[in-house]
Q: 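Got a structure for you, written out below as structure tokens; questions coming shortly.
Proteins come first, then strands; the chains are lettered A, B, ... in the order of their sequence lines, and each starts at number 1.
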Protein chains: 2
Amino acid sequence: MPEKLKPAGETRAADVLHRMRADIINCTLKPGMKLKFESLREMYEVSFSTLREALSRLVAEGLVVAEDQRGFIVAPVSIDDLNDLTDVRVLIERECLTLAIKRGDDAWEATIIGAFHRMDRLQERLGLKYYLSEEWTKLHGDFHFSLVVACQSPNLLEIRQKLFERAHRYRRMSSQFRTKWRAKDVEHKMIMEAVIARDPTKAGKLIERHIRETTANVVKYAGHLFEAPDEEPRSRAVRVSA
Amino acid sequence: MPEKLKPAGETRAADVLHRMRADIINCTLKPGMKLKFESLREMYEVSFSTLREALSRLVAEGLVVAEDQRGFIVAPVSIDDLNDLTDVRVLIERECLTLAIKRGDDAWEATIIGAFHRMDRLQERLGLKYYLSEEWTKLHGDFHFSLVVACQSPNLLEIRQKLFERAHRYRRMSSQFRTKWRAKDVEHKMIMEAVIARDPTKAGKLIERHIRETTANVVKYAGHLFEAPDEEPRSRAVRVSA
DNA sequence: AAATAAATTATTTTCGAAATTTTATCCAAA
DNA sequence: TTTGGATAAAATTTCGAAAATAATTTATTT
């Protein structure tokens with residue numbers, strides 16, 4: 001086994017892209033932060049051009065903002081963005097769910113049940129602070145994906161995935177400050193049951209409530225982090241501490 | 001005035017991105033075509049890294065496909081992709097239209113009427129083959145954008161724009177082979193009237209019909225261009241002729 | 001002191017050579 | 001003839017130096 005690095009088939013740029021996307025989504029790279037090339041070069045151990053390649057993709061995904069001739073910053077967060085994101089997610093998730101219920105087969109149902117079980121067990125094992133776990137986050141993402149994977153629309157799934165990632169960044173911000181946690185997660189179970197009962201109306205309403213309540217919690221616990229009235233009007237961007 | 005080049009504020013990479021996106025959308029760079037760096041370098045007069053930057057963005061937009069360690073190809077076209085694209089566009093355009101009708105003000109209505117007028121007059125002037133004109137294409141895009149611009153959702157507008165661009169590539173493919181043209185364009189006028197009458201149900205149905213009929217025409221006139229049963233199983237990609 | 005300009009420093013952007021990887025060609029063995 | 005493997009050629013990917021641009025500091029003038 002090699003000591004450390006292993007892009008394995010993919011290019012170095014693709015590897016950096018994945019790592020950087022993960023770092024932005026889980027707020028290791030903080031919203032609004034200036035992305036200095038020297039720092040990034042140390043952090044990811046690649047050259048300028050390779051970095052720019054990854055950054056360019058992230059710009060297209062809406063996770064990074066390019067300021068022509070003045071570098072890149074991590075996409076800022078705001079209440080407006082969160083609200084808009086929430087509305088669009090409701091539209092897309094509901095459509096995906098409706099289609100999946102129409103088109104999914106038995107194997108699909110089994111996948112959902114499996115994904116829920118994995119998430120649920122880990123949740124029990126981790127106790128109240130499950131939300132802070134990287135592993136639970138992964139399984140939570142897998143569960144939500146399993147619900148819609150049978151919709152058969154590559155475009156919808158692609159759009160959904162990108163929105164889900166951006167929403168996760170907000171969830172991540174609030175999870176640090178959250179004090180109250182639903183002990184037993186009944187929401188996910190209800191969604192799953194409605195989906196397997198092939199009830200698109202009920203499933204749609206439940207997923208909408210799930211998304212909107214999550215947003216409400218984000219605003220409640222992390223709202224104070226958004227749009228801090230700019231102290232330095234000149235350079236709004238936060239510095240990266242190298 | 002400088003002789004030729006003028007990125008004007010934006011970076012060289014951003015300039016190449018715009019030119020390349022336009023070339024893919026209007027099929028100067030043909031679907032499935034292998035994108036060789038030497039050819040591209042001549043074509044756009046920039047270096048490897050700058051090219052890769054632009055290509056990376058186009059990958060994220062779904063106009064280019066990256067084949068790890070084996071370069072890039074223009075995103076292929078297919079009936080399946082067109083059908084999926086059509087369904088998702090119907091969903092998104094209808095939502096945008098509904099929201100715009102709810103939220104738009106008088107100035108917005110005026111914008112629509114202006115955009116329609118510009119498109120309509122050019123159409124009259126150009127006669128039957130208006131569809132082949134670059135300028136008409138631009139005004140047509142502007143008109144459709146004006147219909148939804150008041151929806152107030154940056155995310156929906158962004159998604160809509162990217163889908164519209166990809167759909168345009170299909171329209172462009174069929175326009176070369178099309179023999180019958182609707183002499184007077186009544187469809188756009190009806191949509192505009194329903195929107196200004198603030199009738200979301202009617203406007204939604206009309207925009208859906210507009211999109212689906214366009215797709216039907218694409219299949220009719222350009223369907224034979226899709227998914228030519230691969231003659232060379234090894235290298236499916238078409239070569240760029242430098 | 002405040003404002004403007006010039007010079008300096010810091011940072012980003014671009015380039016093409018060098019390294020890596022894939023693809024094509026050739027040759028020997030079955 | 002076909003198969004497998006080495007060798008050569010072609011293409012992509014990565015790198016860091018050099019050029020271009022922006023930000024900061026210093027100097028000069030009002």
Side-chain angles (χ1 to χ4, degrees), chain A residues 2 4-20 29 32-59 64-74 230 232-242, chain B residues 2 4-20 29 32-59 64-74 230 232-242:
Chain A
K4 201 175 166 190
L5 300 173
K6 212 188 176 187
E10 64 181 9
T11 61
R12 227 143 159 49
D15 179 51
V16 173
L17 169 67
H18 297 322
R19 289 195 281 151
M20 215 157 153
L29 297 172
M33 186 169 87
K34 178 93 167 73
L35 294 167
K36 292 241 184 75
F37 280 92
E38 276 311 328
S39 312
L40 295 177
R41 225 149 81 89
E42 272 186 41
M43 198 164 171
Y44 298 102
E45 299 177 285
V46 287
S47 67
F48 296 116
S49 351
T50 305
L51 275 173
R52 291 184 67 84
E53 230 175 285
L55 286 165
S56 297
R57 292 263 311 238
L58 293 169
V59 167
V64 164
V65 176
E67 314 197 288
D68 271 349
Q69 313 283 19
R70 304 198 283 129
F72 299 82
I73 63 169
V74 178
D230 36 343
E232 325 161 71
R234 296 292 160 85
S235 63
R236 193 186 329 280
V238 180
R239 294 281 135 133
V240 57
S241 58
Chain B
K4 202 176 162 189
L5 300 172
K6 211 188 179 187
E10 63 181 9
T11 61
R12 231 143 165 31
D15 178 51
V16 172
L17 169 67
H18 295 136
R19 290 195 281 152
M20 212 155 154
L29 296 172
M33 186 168 87
K34 179 91 169 73
L35 293 167
K36 290 240 184 75
F37 280 92
E38 275 311 327
S39 311
L40 295 177
R41 225 149 82 90
E42 274 186 38
M43 198 163 172
Y44 298 101
E45 299 176 283
V46 287
S47 67
F48 296 116
S49 351
T50 306
L51 274 173
R52 291 184 66 85
E53 231 176 282
L55 286 166
S56 297
R57 293 259 316 235
L58 293 169
V59 167
V64 164
V65 176
E67 314 197 288
D68 271 350
Q69 313 283 17
R70 304 197 286 129
F72 300 82
I73 63 170
V74 178
D230 37 343
E232 325 162 72
R234 294 292 159 85
S235 63
R236 192 185 330 279
V238 179
R239 293 283 135 131
V240 57
S241 58

Q: Can you name the side chain to side chain contact (heavy atoms under 4.5 Å, CB included) partners of B/Glu38, sequence neighbours left out?
A: B/Arg41, B/Phe48
Q: I want to check one thing: is the phosphate of C/dC15, taken as OP1 and OP2, less than 4.0 Å away from some side-chain N or O of B/Arg12?
A: yes
Q: Within the distance-only criterion (no hydrogens, no angle test), does the side chain of A/Arg12 pair as donor or acceptor with the backbone N or O of A/Thr50 below 3.5 angstrom?
A: no
Q: What integer distance in Å separates B/Leu35:CG from D/dA10:P?
A: 21 Å
Q: Could you measure the distance from the CZ atom of A/Phe72 to the CG atom of A/Leu29? Nearest 0.5 Å is fine.
A: 14.0 Å
Q: What residues, two or more places apart in sequence or in another chain, satisfy salt bridge (Lys or Arg N to Asp or Glu O under 4.0 Å) together with B/Arg52?
A: A/Glu53
Q: Side chain of A/Phe37: nearest nucleotide among D/dT14, D/dT12, C/dT12?
A: C/dT12
Q: Just jot down the side chain to side chain donor-acceptor pair (under 3.5 Å) partners of B/Ser56, sequence neighbours excluded, or say none.
A: none
Q: Over how many whole Å does the gap from B/Arg41 atom CZ to C/dT14 atom C1' extend?
A: 12 Å
Q: How many angstroms lie between CE in B/Met20 and CG in B/Leu51, if you round to the nearest 0.5 Å?
A: 6.0 Å
Q: Is the distance from OP1 or OP2 of D/dT12 to the nearest side-chain N or O of B/Lys34 less than 4.0 Å?
A: yes
Q: Consider the side chain of B/Phe72, meaning its heavy atoms from C-beta on, and name the nucleotide among D/dC15, C/dT12, D/dT13 that approaches it most closely.
A: D/dT13
Q: Going by side chain to side chain contact (heavy atoms under 4.5 Å, CB included), name the residues that satisfy it together with A/Arg70, two or more places apart in sequence or in a different chain.
A: A/Glu67
Q: Specify the separation, in whole Å, of atom CG of B/Leu40 and atom C1' of C/dC15.
A: 16 Å
Q: Rounded to whole angstrom units, what separation is found between the CD atom of A/Glu42 and the P atom of C/dT11?
A: 13 Å
Q: For A/Phe48 and D/dA18, what is the distance between atoms CZ and P respectively, to the nearest whole Å?
A: 13 Å
Q: Identify, with sequence neighbours excluded, every residue that meets side chain to side chain donor-acceptor pair (under 3.5 Å) alongside A/His18.
A: A/Glu10, A/Arg21
Q: Please give, in whole Å, the distance from C/dT12 P to A/Glu38 CD?
A: 8 Å
Q: At a heavy-atom distance below 4.0 Å, what parts of residues 49-56 of chain A sit against DNA chain C?
A: A/Ser49, A/Arg52
Q: Can you check nucleotides 20-23 of chain C for protein contacts, nitrogen or oxygen pairs under 3.5 Å, and list what you find?
A:
from	atom 1	to	atom 2	distance (Å)
C/dT23	OP1	B/Arg70	NH1	2.9

Q: Residues two or more places apart in sequence or in another chain: which of them pass side chain to side chain donor-acceptor pair (under 3.5 Å) with A/Ser49?
A: none
